[in-house]
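Here is the structure we will look at, set down as C-alpha cells.
Residue numbers start at 1 and run along the sequence shown. If you're wondering where the values come from, they're calculated on a predicted model, not measured in any experiment.
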Amino acid sequence: MRARHLAPAVLLLPFALLLAACGGSSRAEGGGGTGSGTDGKGSLTLNVGDQKGGSEALLRAAGELDDLPYKIKWSTFTSGPPLLEAINAGAVDVGAVGNTPPVFAAAAKSKIKVIAGSHSRSDGETILVKKGSPLKRPAQLKGKSIAVAQGSSAHYQLIASLKKAGLTPKDVTLNYLQPADALAAFTRGKVAAWAVWDPYTSQALAQADARVLTTGQGVVNGLGFQVAAPAALDDKKKSAALKDYTDRLRRAQNWVFKHPDAWAKAWAKETGLPDKVALGAVKRTRGTAVAVAVDKAAIASEQRIVDTFAALKLIPRSYHFGKFVDPRFNGDLPPSGTAPRTYGKGH
C-alpha cells in the first residue's frame with residue numbers, strides 16, 4: 001500500500017493517517033488503545049469485531065457504552081473480509097460490514113449469519129474523475145482505466161454503474177488497487193477514474209482535485225450489516241446480548257443523525273481525518289443510515305450481488321443468500337427499503 005513514489009507526500013499524509021487506522025495486516029490488532037479494550041461489566045463477554053472509527057467509536061460518542069450489563073471485548077480489523085474470517089473461526093461473535101463482504105464469505109461457505117441491517121444513502125459511493133477530465137457521463141468510461149478495490153462495495157457499484165450505462169467490465173480496464181495505491185494512480189493520471197467509498201470520496205473531493213462522475217444512488221442497495229457467529233446465536237445469553245447490542249447501535253445511529261457535528265469531530269479524532277472531511281462524509285453517507293429489517297427484499301437485493309459476481313466468475317458459484325440470514329432480531333424494524341435520512345441538498 002506504499003505509494004510515496006507516486007504522489008506528493010503532502011497529499012498522501014492525511015490518507016496515510018486514515019490507512020494507518022483502517023489498514024495494515026489482515027489480523028486483529030492487539031495491545032492497548034481504542035479498539036482493543038473492554039467495556040462493561042458482568043460475567044458474559046461479547047467479542048465484537050470492529051474497524052477503526054466504527055461501531056466502538058459510534059457507541060462511545062452516543063453514550064451507549066455507559067451502562068453495559070455485559071462486557072464487550074473489542075478487536076480491530078483492517079476491513080470486512082478478515083473480520084468475517086474471524087467470525088467464521090469463532091474468534092469474534094459479531095461485527096459490522098458492508099453489502100459485499102458477506103457475499104464473498106458466504107460463497108466460501110463461512111459460518112456466518114446476517115442478523116441486522118442498516119440503509120444509508122449511496123452518495124459517498126462514487127466514481128471519481130479529475131476536475132479537468134473530459135469525461136462527463138459513465139458511458140464515456142469505455143476504453144478507460146479505472147482503479148477499484150477488488151471485492152469491495154465499490155467494485156459492485158462500478159459494475160452496476162457500467163451496466164446502467166450500457167457497458168460491461170470488458171469495455172474498460174480495471175486496475176485492482178487498494179485506496180492508497182488507487183489515490184496515487186489517480187493523482188498521477190495513471191487511471192482515468194477511481195471507484196471508491198466514503199470517507200475516501202470526501203477526502204479526494206477536498207484534497208485530490210477530484211469531482212464526482214456518478215454515485216451509487218439508484219444502482220446499489222446502500223445496505224450494511226451486522227454479521228454474527230452461529231455459535232453465539234445458539235447461546236441463549238449471548239443471543240440476548242446480541243439483541244441488546246444491535247438495539248444500542250440503532251439508538252446510536254439515531255443520535256448521530258441529530259448530532260452530525262459532534263459525531264464528525266469524534267470520528268475525525270478516531271481516524272485522523274480533517275474535521276471538514278469527516279463532516280462531509282457524515283452528511284453525505286455516514287449520518288444518513290436507518291436501522292432496517294433483514295427481510296426478503298434485502299435478501300433479494302443481496303442475491304443480485306451474488307448472481308452478478310458469480311456471472312463474472314469472481315466467486316466460484318451462485319448460492320441462496322437467504323441461508324446466511326437469521327431474522328430473529330427484525331422485530332418491529334422498518335422494511336429494508338425504508339428511505340435513508342438526508343441532510344438536504346448538497347449532501
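- Classification of Asp275 and Lys265 as a salt-bridged pair fails, no side-chain N sitting under 4.0 Å from a carboxylate O.
- In this structure, Tyr200 and Thr126 have side chains that are not in contact, with every pair of non-hydrogen atoms separated by 4.5 Å or more.
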Gln157/Ser153 under side-chain hydrogen bond (donor to acceptor under 3.5 Å, both in side chains): CA gap, chis, key distance, verdict: CA-CA 6 Å; Gln157 185 261 127; Ser153 59; over 6 Å; no

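- Side-chain atoms of Thr173 never come within 3.5 Å of backbone atoms of Ser145 as a donor-acceptor pair (strictly under, hydrogens ignored).
- In this structure, Arg121 CZ and Thr285 OG1 are separated by 8.5 Å, a value rounded to the nearest 0.5 Å.
- For the pair Lys237 and Asp235, the salt-bridge criterion is not met [side-chain N within less than 4.0 Å of a carboxylate O].
- The distance from the CD1 atom of Ile72 to the CG atom of Leu46 is 6.0 Å, given to the nearest 0.5 Å.
- The structure places CZ of Arg341 at 9.5 Å from OG of Ser120, a figure rounded to the nearest 0.5 Å.
- Under the 4.5 Å side-chain criterion, counting only non-hydrogen atoms from C-beta, Val48 is not in contact with Val92.
- Side-chain contact between Trp197 and Pro179 is present, with at least one heavy-atom pair separated by less than 4.5 Å.
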Before giving the answer on side chain to side chain contact (heavy atoms under 4.5 Å, CB included), spell out for Thr342 and Thr288 the whole-Å C-alpha distance, their side-chain angles and the decisive distance to 0.1 Å. CA-CA 6 Å; Thr342 177; Thr288 69; 5.6 Å; no

Evaluate side-chain hydrogen bond (donor to acceptor under 3.5 Å, both in side chains) for Ser318 paired with Asp307, printing each intermediate quantity in order. CA-CA 6 Å; Ser318 188; Asp307 295 340; 2.5 Å; yes

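- Atom OG of Ser55 is separated from atom CD of Glu64 by 12.5 Å, given to the nearest 0.5 angstrom.
- Contact between Leu213 and Leu135 at its shortest, heavy atoms only, is CD1-O, 3.8 Å.
- Relative orientation of the Trp194 and Phe186 rings is tilted, given thresholds of 30° and 60° on the angle between their planes.
- By the 6.0 Å contact criterion, CZ on Arg137 is open, its count of non-hydrogen atoms from other residues, nucleotides or ligands being 12 or less.
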Take Val196 and Leu128 through the test side chain to side chain contact (heavy atoms under 4.5 Å, CB included) and record every step on the way to the result. CA-CA 8 Å; Val196 73; Leu128 301 175; 3.8 Å; yes

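- Residues Pro134 and Gln140 share a closest heavy-atom pair of O-OE1, 3.9 Å.
- Proximity of Pro138 to Lys164: side-chain heavy atoms (C-beta onward) are nowhere separated by under 4.5 Å.
- Between Lys243 and Asp247, at least one side-chain nitrogen of the basic residue sits less than 4.0 Å from a carboxylate oxygen of the acidic one, meeting the salt-bridge criterion.
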Between Thr100 and His155, is a side chain to side chain contact (heavy atoms under 4.5 Å, CB included) present by the stated rule, with each step listed? CA-CA 9 Å; Thr100 305; His155 193 177; over 6 Å; no

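- Residue Thr215 holds its OG1 atom at 5.0 Å from CG of Asp123, rounded to the nearest 0.5 Å.
- In terms of modelled atom types and a separation under 3.5 Å, the side chain of Thr246 and the main chain of Leu242 share a donor-acceptor contact.
- The side-chain heavy atoms of Leu273 and Gln203, taken from C-beta on, include a pair separated by under 4.5 Å.
- Judged by distance alone, the side chain of Glu302 and the main-chain N or O of Leu223 form no donor-acceptor pair under 3.5 Å.
- Taking CD1 of Ile299 as the reference point, atom OG of Ser336 lies at 9.0 Å (rounded to 0.5 Å).
- At least one donor-acceptor pair under 3.5 Å links the side chain of Arg211 to the backbone N or O of Ser133.
- Contacts classified as ring-ring contact (aromatic ring centres under 6.0 Å, His included) and involving residues 102-154 (residues at least two apart or in different chains) are given here: Phe104-Phe309.
- At distances below 3.5 Å, at least one donor-acceptor pair connects side-chain atoms of Asn330 with backbone N or O atoms of Val294.
- Across all non-hydrogen atoms, the minimal contact from Val325 to Pro327 is O-CD, 3.9 Å.
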Where do Arg248 and Asp67 land on the salt bridge (Lys or Arg N to Asp or Glu O under 4.0 Å) test, with the steps shown first? CA-CA 11 Å; Arg248 289 172 187 271; Asp67 59 346; 2.8 Å; yes

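- Closest approach of Ser239 and Leu233 over heavy atoms only: CB-O, 3.6 Å.
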Derivation of the side chain to side chain contact (heavy atoms under 4.5 Å, CB included) call for Val148 and Asn175: CA-CA 6 Å; Val148 64; Asn175 283 258; over 6 Å; no

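- Side-chain contact between Ser202 and Lys276 is absent, with no heavy atoms from C-beta onward closer than 4.5 Å.
- Of the possible polar contacts, none joining the Asp50 side chain to the Ser75 backbone as a donor-acceptor pair under 3.5 Å is found.
- For an aromatic pair to be called close, the ring centres must be under 6.0 Å apart, and Tyr245 with Tyr70 fails this.
- The two residues Ile87 and Val227 have their closest heavy-atom pair at CD1-O, 3.2 Å.
- Looking only at distances, no side-chain donor or acceptor of Arg250 sits under 3.5 Å from a matching main-chain atom of Val292.
- Counting only distance, with no hydrogens or angles, the side chain of Lys131 and the backbone of Ala208 share no donor-acceptor pair below 3.5 Å.
- In plain terms, the two heavy atoms of Leu314 and Gln150 that are nearest each other are CD2-NE2, 3.7 Å.
- A donor-acceptor pair is defined here as one N or O able to donate and one able to accept, closer than 3.5 Å; no such pair exists between the side chain of Ser122 and the backbone of Gln217.
- Linking ILVMFWY residues whenever their side-chain heavy atoms come closer than 4.5 Å, directly or via other members, leaves Leu174 and Leu177 in distinct clusters.
- Taking the six-membered ring where the residue is Trp, Trp267 and Trp263 present parallel rings, their angle staying beneath 30° rather than reaching 60°.
- Hydrophobic clustering of Ile, Leu, Val, Met, Phe, Trp and Tyr side chains at less than 4.5 Å, counting indirect connections, keeps Leu249 apart from Leu333.
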Between Arg284 and Asp198, is a salt bridge (Lys or Arg N to Asp or Glu O under 4.0 Å) present by the stated rule, with each step listed? CA-CA 8 Å; Arg284 185 178 293 108; Asp198 258 333; 3.8 Å; yes

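- The residues Asp39 and Lys71 are annotated as not salt-bridged, no charged nitrogen and carboxylate oxygen being separated by less than 4.0 angstrom.
- Residues Leu141 and Leu162 have side chains in contact (heavy-atom distance under 4.5 Å, counting atoms from C-beta outward).
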List the atom pairs, with distances to 0.1 Å, where a side-chain N or O of residues 106-115 and a protein N or O form a donor-acceptor pair under 3.5 Å, not counting sequence neighbours.
unit_1: Ser110; atom_1: OG; unit_2: Ala105; atom_2: O; d: 3.0
unit_1: Lys113; atom_1: NZ; unit_2: Lys323; atom_2: O; d: 2.8

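- Judged by distance alone, with hydrogens and angles left aside, the side-chain atoms of Thr201 form a donor-acceptor pair with the main-chain N or O of Gly124 at under 3.5 Å.
- The shortest side-chain heavy-atom distance between Ile146 and Val191 does not fall under the 4.5 Å cut-off.
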